[in-house]
**Student:** 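Here it is, the structure in full.
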Protein chains: 2
Amino acid sequence: MAMVEAGKGVRAGSAHKRAAILGAARELFLADGFERTSVDAIAARAGVSKRTVYDYYGEKRALLLAVVEQAMDSLISAIQRSVDDNLTDDLTSVEGLRSALVGFARSVTESALGSSDYSALMRLVSAESANLPELEERVTTEPEDLVSERFLRYGRRGLLEVPNPRLAADHFVALTMASTASAIGRPVAQSDASTRQMIADGVDVFLRAYTPR
Amino acid sequence: MAMVEAGKGVRAGSAHKRAAILGAARELFLADGFERTSVDAIAARAGVSKRTVYDYYGEKRALLLAVVEQAMDSLISAIQRSVDDNLTDDLTSVEGLRSALVGFARSVTESALGSSDYSALMRLVSAESANLPELEERVTTEPEDLVSERFLRYGRRGLLEVPNPRLAADHFVALTMASTASAIGRPVAQSDASTRQMIADGVDVFLRAYTPR
DNA sequence: GTGACACTACACCGTGCAGTGTAGTTAAGT
DNA sequence: ACTTAACTACACTGCACGGTGTAGTGTCAC
């Protein structure tokens, strides 16, 4: 009579090994994709026996799920940090706002997107989401929500003219970040300089469109 | 003494079957991904024996390559058509320009992107390009080139203020189309109405930033 | 009829891989 | 010393799939 514990992990185990396995899986999934990564390879990279991988995670899908979950969390908290650090409440001039926006976009692209883990992660999610419905839940608009909240505040203070803060946030993201991890496809490991230029130009256009007057 | 013909297709064959195989491969690759699609499944869907698939295309990779090639071509020509139909040379007012831009963006999203084949295609390319270096060549900036050429003309006629037409084209694409096939990830089969609204808003912002004065 | 050709049906090989079962080792707790 | 838990090493099952080889069938040209 087997007592089935429905918890995700089968073992309590040393958290250290869990992390090693998860890390190895992350690296390999992001680099080679889900299908092309074997559990044997993950085990080897984690310095752990294949059996242990199964003892911890049960099946390969669970491993992918855990990887995505963790990556999403760290992405969102990185963005949260960028918002807090840059989109502060003490701005008074449009010029101050400009440099705050530039700083914010740079911070995000460097800490999150630029690491190129971001695009790899998104690639992974969209490639596998058809087969892993649970992934859909993790898809989020949190980043845009955070930004739009700040825009709303700036709007109230007269720094921006934003009838629809959420839309403005979408536009800001499109102008400064989306082009960096371009929607038309290419991986683009753009040089630092050109990324900075793109951000400056994007902020420029954004302000031209959303500044009062 | 086997004479090796280095041509891509091993057979001349009935072009009809070639197309059937290619079409089947396209549907399956886009729906399920490269790795998850078996050659047997392609053959079955094309109503052809597996052996024939190999006689025509040699190996699975070649099939993928052909699919991407064909899809890219048809995508580009669809965009070309949208440009020709909408971004005409007879515009005189900013209001005329506005509706031309809206028409253009709608036409593109409907004929190319909206079919959702576009995002599936891009997903496929970026997911497999690591393993298929030949794909890189097919990655193009043609669409943006076409648009920027039109912007340059409008700039000369005083309808737009575009010191850097290519940049303006990037911004236009980002504002109107990229958000549709969003970079943040989700598949987004958005309703027609909301897509239209997004386009109108995007054009609005674009014009606010790029109109003279 | 004879040949050439395009194609199918089918068997087949090799391999890589998800997942399991198990015996044995190590180390800690008592 | 005894028990228990965490792991490893390793063998093994089952399957799916890429790719090939081949015998046979239909069809057209001459």
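Atom set for the values below is all heavy atoms of this structure, side chains included, hydrogens, waters and symmetry mates excluded. Convention: sequence-line order gives letters A, B, ...; per-chain numbering from 1. Note that this is a predicted model, so its numbers are computed, not measured.
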**Student:** Heavy-atom nearest nucleotide on DNA chain C for R61(A) versus V48(B): which residue maps closer to 5'?
**Tutor:**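 The residue mapped nearer the 5' terminus is V48(B).
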**Student:** Out of dT8(D), dC7(C), dA18(C), which has the shortest distance to the side chain of Y56(B)?
**Tutor:**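 Minimum distance to the Y56(B) side chain belongs to dC7(C).
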**Student:** Please identify each residue that fulfils side-chain contact (heavy atoms from CB on, under 4.5 Å) with D84(B), with sequence neighbours left out.
**Tutor:**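 Result, side-chain contact (heavy atoms from CB on, under 4.5 Å) vs D84(B): Q80(B).
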**Student:** Within this structure, what is the OH-to-P distance between Y54(B) and dT8(C), rounded to whole angstrom?
**Tutor:**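 About 15 Å, once rounded to whole Å.
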**Student:** So, using side chain to side chain donor-acceptor pair (under 3.5 Å) as the criterion, who are the partners of S49(A) when residues are at least two apart?
**Tutor:**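 S49(A) satisfies side chain to side chain donor-acceptor pair (under 3.5 Å) with T52(A) once adjacent residues are dropped.
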**Student:** Quick one: what's the B/S/- string for nucleotides 21-30 of chain D, heavy-atom cutoff under 4.0 Å, read 5' to 3'?
**Tutor:** BB--------
**Student:** Should the pair R166(B) and F151(B) be classed as cation-pi, given the thresholds of under 6.0 Å to the six-membered ring centre and 45° from the axis?
**Tutor:**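 Negative - R166(B) is either too far from the ring of F151(B) or too far off its axis.
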**Student:** Using salt bridge (charged side-chain N to carboxylate O under 4.0 Å, His left out) as the criterion, list what pairs up with R45(A), not counting sequence neighbours.
**Tutor:**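 By the salt bridge (charged side-chain N to carboxylate O under 4.0 Å, His left out) rule, R45(A) matches E27(A).
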**Student:** To the nearest angstrom, how far is L63(A) atom CG from dC17(C) atom P?
**Tutor:**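 Nearest whole value for this atom pair: 15 Å.
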**Student:** Grab the two heavy atoms, one from A20(B) and one from A46(B), that are nearest each other, plus how far apart they are.
**Tutor:**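 Taking A20(B) first and A46(B) second, the nearest heavy atoms are O-CB, 3.7 Å.
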**Student:** So if I take residues 22-41 of chain B and measure heavy-atom distances to DNA chain D, which residues fall below 4.0 Å?
**Tutor:**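 Nucleic-acid contacts, sorted: T37(B), S38(B), V39(B).
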**Student:** Can you tell which of dC7(C), dT20(D), dT8(D) lies closest to the side chain of S14(B)?
**Tutor:**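 The answer is dC7(C).
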**Student:** On the six-membered ring of Y210(A), is R208(B) placed so that its NZ or CZ lies under 6.0 angstrom from the centre and within 45° of the ring axis?
**Tutor:**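 Yes.
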**Student:** Provide, to the nearest angstrom, the distance between the CZ atom belonging to R18(A) and the P atom belonging to dC7(D).
**Tutor:**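 Roughly 11 Å, once rounded to whole Å.
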**Student:** Please lay out, stage by stage, how T88(B) and D90(B) fare under the test side-chain hydrogen bond (donor to acceptor under 3.5 Å, both in side chains).
**Tutor:** CA-CA 6 Å; T88(B) 53; D90(B) 59 2; 2.7 Å; yes
**Student:** So how far off straight is the helix from dG1(C)-dC30(D) to dT30(C)-dA1(D), going by the axes through five pairs at either end, to 10°?
**Tutor:**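 Its terminal axes enclose an angle near 0°.
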**Student:** Taking the six-membered ring of F206(A) as reference, does the NZ or CZ atom of R98(A) fall below 6.0 Å from its centre and within a 45° cone about the axis?
**Tutor:**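 The answer is no, since R98(A) fails at least one limit relative to F206(A).
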**Student:** Is K60(A) paired with E35(A) through a side-chain N to carboxylate O contact shorter than 4.0 Å?
**Tutor:**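 No, this pair does not count.
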**Student:** With a 4.0 Å cutoff (strictly under), does any side-chain N or O of K17(B) reach OP1 or OP2 of dT8(C)?
**Tutor:**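 So the side chain of K17(B) is within the cut-off, an N or O lying under 4.0 Å from OP1 or OP2 of dT8(C).
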**Student:** Give a yes or no on whether a salt bridge exists between D85(A) and R81(A), defined as a side-chain N under 4.0 angstrom from a carboxylate O.
**Tutor:**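 Not counted as a salt bridge, because no side-chain N and carboxylate O are separated by less than 4.0 Å.
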**Student:** Could you state the OH-P distance from Y57(B) to dG19(D), rounded to the nearest angstrom?
**Tutor:**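 To the nearest whole Å, that distance equals 15 Å.
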**Student:** Distance criterion of 3.5 Å, no angle test: do you see the side chain of K60(A) paired donor-to-acceptor with the base of dG19(C)?
**Tutor:**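 There is none.
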**Student:** Round to a whole Å and report the spacing from CG of D55(B) to C1' of dG18(D).
**Tutor:**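 In whole Å, dG18(D) C1' lies 15 Å from D55(B) CG.
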**Student:** Ignoring hydrogens and angles, tell me if any N or O in the side chain of Y154(A) forms a donor-acceptor pair with the backbone of V162(A) under 3.5 Å.
**Tutor:**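 Not confirmed, Y154(A) side chain does not pair with V162(A) backbone.
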